[in-house]
There are 2 protein chains.
Amino acid sequence: MQDKTTQATRQAARNNRSRAVSADLIAVVIAVTNGEPRVLTIGHADALPSGPFELGHRSLQSGLRAWVERQTGHPLGYIEQLYTFADRDRTGDERVQISISYLGLTREEQTERSPTHGWRGWYDYFPWEDHRAGVPPILPAILMPRLLAWADEAEDMNLRHNRRQRVAYAFGLDDRDWNEELVLQRYELLYEAALVAEAARGRDNGSPLSVPGRPMIADHRRILATGIARLRTKIKYRPVVFELMPPAFTLLQLQRTVEALAGRLVHKQNFRRLIEQQDLVEETGETMSDTGGRPAKRFRFRQTVLAERTVAGTKLPLSRA
Amino acid sequence: MQDKTTQATRQAARNNRSRAVSADLIAVVIAVTNGEPRVLTIGHADALPSGPFELGHRSLQSGLRAWVERQTGHPLGYIEQLYTFADRDRTGDERVQISISYLGLTREEQTERSPTHGWRGWYDYFPWEDHRAGVPPILPAILMPRLLAWADEAEDMNLRHNRRQRVAYAFGLDDRDWNEELVLQRYELLYEAALVAEAARGRDNGSPLSVPGRPMIADHRRILATGIARLRTKIKYRPVVFELMPPAFTLLQLQRTVEALAGRLVHKQNFRRLIEQQDLVEETGETMSDTGGRPAKRFRFRQTVLAERTVAGTKLPLSRA
DNA sequence: TCAGTTATACTCAAATAGAGCATAATAGGG
DNA sequence: CCCTATTATGCTCTATTTGAGTATAACTGA
């Protein structure tokens, strides 16, 4: 049934030339604890869990789960693929390295401190991304002036104009709104403008400007940015937030989690309206009287919505204020 | 700066265990010609262009471009990554095969017929996906009865219920709307229910039911479904349709292209309203008097929107009728 | 009992989306 | 030249959806 062209192609896939490939699995594992989004790291909080895809692994996903558990002891729940990229291995040999990155969502267990891994607030890496308490001072004070200076230092007029527009768009300048999804674009601009530590590595320019945000090894911070961007996009149309919630929760807790992820505040009443009218949750019957004020009903996620609509829709109101 | 845990991890990536990996690049290349979406195929229109990622390739993308050009002579414009998956190589050796799939958008050049490749309407592979002329007869006549029968043949009550719900959701039964984005979910249901030819391959069940849609080798039809789903989703929030358009076009031509992709019709006046108010296009000044009726203005895509908003938004009105 | 705080129910207006009507500008056939 | 068919284009109208604000309700702690 298979024809010759096809056979030839598939045959080629098995011959020598493609042998020098190794595949790494890299995990961006997120939890939200006490209203802060956190990422699972290893080393000195400067690396994401990762390891090679091996013959023993039944699938990419199971290989990833195995690595994360081995390195951090933390079992993974929900995971989804982020992106695959290839790098010529920098250590000199002819090997080509393929990295397949995943986004994982869990809840941070009451685990012991460990020297080999830990949870770290993601805004440590991206301090300019948290707009819950208004625009972070670092933006107008440091980043924007430097970004604009970088844009203006371009010789070519078109390049200058292009840089300015990209900055304005990514950082919501002029009359534009801040778009919390553009995490990756912002990181890349900062990288291009050499305003993150990673940018200095390859080069020999000796200007170690004090530069914001904790760096990571290799391109791990970039991968983290990709994961954050994906998550910020996805919570708006899929019920993934619930992967980060305990079995029962109040609507305010749910709201705080969404706000933590989005890095911006939400209109409380509208948030409730949207959640309720979508039938995403049901009351447990209990009520919580924790932080002063009227006790809140507790809810649980209606697991059935996952069955009903495998690709269910969820909407979240992210106000502009 | 790097700590030991990390070094050890990255070291592991280079040792023996991960050596037996080869990476394939697979392309879903789409064009829209005469109001029909078409996919670039090789062989007897039963395979997607693909080939191994090799040392000579500068990047995954350039490797993909090289393979597509070599196999089809067709240069690629816009491409984006779709998904990466791994299979144990079925030919018996211990090799693990990683496939990285891409979506490419171009325009079909006035090329010669070729025995080794060609363009094929994508609805040949998914006849149930074209709802432009109403619900395709194949759905009520063949697929729905068989799908429901498949759901009911489950022993377990919960499984039965779950199957029914998935079918109802994916195919828009009862009061639900048809959701054109669920291409992959529908294909997977049909696969599970053994209603596509590919499903019979691994098994020895000898019931070669007449089954709809042209099959492809391996999992290529599944990859194509992934690409179609991605494209149908993406045209709603990114200005990617224009990659498929000639330099100048009328609004109706643009509309027909969108309809071809979405597999459903669009409200003409609202379509224009949306396109125009988003400043996506500008008049060329010319006018077309082709198919009877009042001549239409010709437009071109405002290339600057790509610069203005690297991740620009686009909205399209997909009516329910 | 009062002040502070959160929960929850509603109301209102602006923006968006879905549909339909009306008019304009062509080609082609009596 | 007039009439008909056909597509282009401009506008109106209504139902929804979204963003925001007001008004109560139900607790805790002083």
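Just so we're on the same page: letters track the sequence lines, and every chain starts at 1.
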Exercise. What about R273(B), does its side chain sit under 3.5 Å from the base of dG10(D) through a donor-acceptor pair?
Worked result: no
Problem set entry | Base dT22(D) to side chain Q269(A), donor-acceptor N/O within 3.5 Å cut-off | yes
Rounded to whole Å, how long is the line connecting atom [atom1] of [X] with atom [atom2] of [N]?
X       : N       : atom1 : atom2 : result
Q255(B) : dG18(C) : CD    : P     : 14 Å
E276(B) : dC11(D) : CD    : P     : 11 Å
R298(B) : dA8(D)  : CZ    : P     : 13 Å
M288(A) : dT6(C)  : CE    : C1'   : 12 Å
L252(A) : dT6(C)  : CG    : P     : 8 Å
L265(B) : dT7(D)  : CG    : P     : 14 Å
N270(A) : dA9(C)  : CG    : C1'   : 13 Å
Q277(B) : dT9(D)  : CD    : P     : 17 Å

For this session: Determine the contact category for K297(B): base if any of its heavy atoms lies under 4.0 Å from a base atom, sugar-phosphate if only primed atoms, P, OP1 or OP2 are that close, otherwise nothing.
Result: sugar-phosphate
For this session: Quick one: label L251(A) by what it contacts on the DNA or RNA (base, sugar-phosphate, nothing), any heavy atom closer than 4.0 Å.
Result: nothing
Exercise. What is the per-nucleotide protein-contact pattern of nucleotides 25-30 of chain C, from the 5' end, where B denotes a base atom under 4.0 Å from a protein heavy atom, S denotes such proximity for sugar-phosphate atoms only, and - denotes neither?
Worked result: BB----
Please report, to 0.1 Å, the donor-acceptor pairs under 3.5 Å made by any side chain of residues 28-36 of chain A, with sequence neighbours excluded.
from, atom 1, to, atom 2, distance (Å)
T33(A), OG1, E108(A), OE1, 2.6
E36(A), OE1, R132(A), NH2, 3.3
E36(A), OE2, R132(A), NH2, 2.9

Problem set entry | Below 4.0 Å: OP1/OP2 of dA7(C) and any side-chain N or O of K268(A) | yes
Exercise. Does R232(B) make a cation-pi contact with W178(B) (under 6.0 Å, within 45 degrees of the axis)?
Worked result: no
Exercise. Which residue pairs pass the salt bridge (Lys or Arg N to Asp or Glu O under 4.0 Å) test when at least one of the two sits in residues 241-256 of chain A, sequence neighbours left out?
Worked result: R256(A)-E259(A)
Problem set entry | Counterpart residues, salt bridge (Lys or Arg N to Asp or Glu O under 4.0 Å), relative to R163(B) (two or more places apart) | none
Problem set entry | Whether F242(B) and F301(B) hold their rings parallel, tilted or perpendicular, with breakpoints at 30° and 60° | parallel
Problem set entry | Partner residues of E286(A) under the side-chain hydrogen bond (donor to acceptor under 3.5 Å, both in side chains) criterion, sequence neighbours left out | T284(A), R298(A)
For this session: Mind checking side-chain hydrogen bond (donor to acceptor under 3.5 Å, both in side chains) for Y102(A) and listing every partner two or more places apart, or none if nothing turns up?
Result: Q81(A)
